Peer 1: 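Provided herewith is a single structure, encoded as structure tokens, for subsequent inquiry.
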Number of protein chains: 2
Amino acid sequence: MLTDRQLLILQVIVDDFIRSAQPVGSRSLSKKDEISFSSATIRNEMADLEELGYIEKTHTSSGRVPSEKGYRYYVDHLLSPQALNKQDISIIQSIFAEKIFEFEKIIQKSARILSELTNYTSIVLGPAASFNKLKRIQIIPLNKETAVAIFVTDSGHVENRTFYLPPTVDASDLEKTVNILNERLTGVALEDLNDKIYKEVAMLLRQHIRNYDLMMHTIADSLKMPVNEKLFFGGKTNMLSQPEFHDISKIRTLLQMIDHEEWIYPLIKNDSAGINIKIGRENNNSAMENCSLITATYSVGAESLGTIAILGPTRMEYSRVISLLQFLSKDLTSVLTNLYQKY
Amino acid sequence: MLTDRQLLILQVIVDDFIRSAQPVGSRSLSKKDEISFSSATIRNEMADLEELGYIEKTHTSSGRVPSEKGYRYYVDHLLSPQALNKQDISIIQSIFAEKIFEFEKIIQKSARILSELTNYTSIVLGPAASFNKLKRIQIIPLNKETAVAIFVTDSGHVENRTFYLPPTVDASDLEKTVNILNERLTGVALEDLNDKIYKEVAMLLRQHIRNYDLMMHTIADSLKMPVNEKLFFGGKTNMLSQPEFHDISKIRTLLQMIDHEEWIYPLIKNDSAGINIKIGRENNNSAMENCSLITATYSVGAESLGTIAILGPTRMEYSRVISLLQFLSKDLTSVLTNLYQKY
DNA sequence: GTTAGCACTCATTGAAGCTGAGTGCTAATT
DNA sequence: AATTAGCACTCAGCTTCAATGAGTGCTAAC
């Protein structure tokens, strides 16, 4: 167990290193206001902290730098919650000046503003459309061979799929099909559509349509493609100005990862609701070695809808970022809740 | 006017520098097979070429490097068209394995493969939807206040806009409106819709709908937002491996530009049909100082639809890139032409 | 338990010197 | 008159070396 003095020293080291990006030495520590004992004492304490794994040296005679364990302890126990200043608050609230149904724009603006406020990279996972409820299906034939199926949800989200028309299907078949689909599927969540089609619609189609199974498989097929939540980024290049990324090869791996959306999902998705902090190797991703990722979820009611995240160096301003994310996710949640309660 | 020998020397210098990224000296030139005169002669010729502005030195005693003027001359007069090898051709043709109506996927794959084949950054401007012809309009009310308007084109492209319903409009008004719109606007190019609405539809609406003008403005408004062609990128981080971008600040400006799509449009858009080459400052963009941009258009019939482009260092393999772009744009054009001729 | 003092380490900086790839110029050669 | 050999010169880049200073650990005194 760490003594109070050790905690104080650890905290000051982390704070100082976050600010300066320079290893922290005993002499410079001893000069701080918070600290009333000599550099020699600090050296002794630092030796202990190092033995315990909370801090490390970059070389034998260098100052100390927090280890991942040190950051973890700092985040878990030493973080002094920091109130946002008024300017930050009003900047965040300016996000919601858009008309609320232009939700994509709100999300995009959130990403941009988060990255501008923090100078880190922001990642926002758009609201999952998969449990939006179906409002209407339309099928519009383009020519003899192809048609577009359009799915509109109660939230105004529109999905569309082009597909080959089975050659035996004629206009009246299509119309009947659409009617049946609308009758049976309105109000069903997108993610349940496929299920429902086989369970409830199949039989009806059989009664009314020749070659019903071809038609049905065609439609079911077009629904199989996952409704992907969109990712939005802000400040992709911000990491270039962080001193820990002066090395081209590190930048390259990191930017490469950021540009592969499919690698981002696992990083930010399987988190529980609320604020989550992953430090360095906790992200299980070699490109994230020197990075921390802080995520927050936004939701409507109890259902969490999407995620906002900040990707920065492990030497990140945790306190500030957490405050910003908390604030923004709260606002997003309330905007969304308002939006959805209308329906 | 340059002598044949000067042309030869210029060509070899550019070729060699493109390959090696190292300033080219007279001695190493004299050793090449193509060159049968001594290094002293070459030095004299190089002095002349330098005076004429085709090559330059990086410092007083360094070898020579092509200037922008030198690249320009090389591209305009010295380029030996290079045939693609079979492997490249088959890789490019693999792009078209997708079902042709998944055109976005084809475009995306084109971007990826171009960047993989060249190790540069590729930019593909998706087909302009703006002159697709309208196939069908649907308006689907979400609740009392909002509705989604859906525009389907003959090519299967779907646009949608959420808008506030004027409070005085009821369901039958909406239905009538949609009928009128479909009757009058089917076959009209998206870009002409706004025009046509005011010229032809306004009157009809007035006859059938109360508060017709509110309705009309609402609909016209939702069409005002430009139908933006989408940009697709490949190999955004490829420039990091180019030796001229070992400098972080150069990389930063370049990547920042790439991430601002609105800055990319002017770079690749106002070009005439066919292959266009912009070298360094010819791009009129400070972030592009050390870059060249080669663009090619693809089209359907006479109408050019979109652009594919390669962004590389000025020290780019012009010949190869041009061949690749020519080949791919021809293929895209023929695929698109097939696709559109069906309708 | 705390601190002053001291010997030690090591990254960083800058000067000095060397090397090698390049140049321009001149005089000899073809 | 054009080409080339020869030579003096330049300069980036590398290596070496010493000095600097911010840091350490340890010990003995307070």
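The analysis underlying the following values was restricted to heavy atoms, covering all of them including side chains, and did not include hydrogens, waters or symmetry mates. Each chain gets a letter, A, B and so on, in the order its sequence line appears, and its residues count up from 1. Given the structure is predicted, the values throughout are model-derived calculations rather than measurements.
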Peer 1: Nearest whole angstrom, please: distance from the P of D/dA22 to the CZ of A/F17.
Peer 2: 18 Å
Peer 1: Base, sugar-phosphate alone, or nothing: which one does B/T41 contact when heavy atoms must sit under 4.0 Å apart?
Peer 2: base
Peer 1: Distance check needed: C/dT29 C1' versus B/F37 CZ, whole Å only.
Peer 2: 19 Å
Peer 1: To check you understand the geometry: which heavy-atom pair defines the closest contact between B/E317 and B/Y120, and what is its length?
Peer 2: N-OH, 3.1 Å
Peer 1: To the nearest angstrom, how far is A/H59 atom NE2 from C/dA11 atom P?
Peer 2: 5 Å
Peer 1: What residues, two or more places apart in sequence or in another chain, satisfy side chain to side chain donor-acceptor pair (under 3.5 Å) together with A/Q82?
Peer 2: none
Peer 1: Just how far, in rounded Å, is C1' of C/dT23 from NZ of B/K57?
Peer 2: 6 Å
Peer 1: Rounded to the Å, how far apart are B/R64 CZ and D/dT10 P?
Peer 2: 16 Å
Peer 1: Tell me which residues in residues 22-30 of chain B lie within less than 4.0 Å of DNA chain C, going by non-hydrogen atoms.
Peer 2: B/G25, B/S26
Peer 1: A/S39 or A/T60: which one's nearest nucleotide on DNA chain C is closer to the 5' end?
Peer 2: A/S39
Peer 1: Check A/R72 with A/D76, please: is the shortest side-chain N to carboxylate O separation under 4.0 Å?
Peer 2: yes
Peer 1: Quick one: does B/S61 reach the base of D/dT10 with a side-chain donor-acceptor pair under 3.5 Å?
Peer 2: yes
Peer 1: State whether a side-chain donor-acceptor pair under 3.5 Å links A/R43 with A/S26.
Peer 2: yes
Peer 1: Under a 4.0 Å heavy-atom cut-off, which of residues 42-54 of chain B touch DNA chain C?
Peer 2: B/R43, B/M46
Peer 1: For the residue pair B/H260 and B/Q256, what are the closest heavy atoms and their distance?
Peer 2: CD2-O, 3.0 Å
Peer 1: Out of the candidates A/E56, A/E50, A/E45, only one should pair with A/R64 under the salt bridge (Lys or Arg N to Asp or Glu O under 4.0 Å) rule; please name it.
Peer 2: A/E50
Peer 1: Please report the shortest heavy-atom distance between B/G235 and B/T121, naming the atom on each side.
Peer 2: O-OG1, 3.0 Å
Peer 1: Is the shortest side-chain heavy-atom distance between A/K269 and A/T295 below 4.5 Å?
Peer 2: no
Peer 1: Hydrogens and angles aside, do B/R252 and A/S241 bring a side-chain donor and acceptor to less than 3.5 Å of each other?
Peer 2: yes
Peer 1: If only side-chain N and O atoms of B/S38 are considered, is one of them under 4.0 Å from the OP1 or OP2 phosphate oxygen of D/dT4?
Peer 2: yes
Peer 1: CZ of A/R5 versus P of C/dT3: gap in Å, rounded?
Peer 2: 8 Å
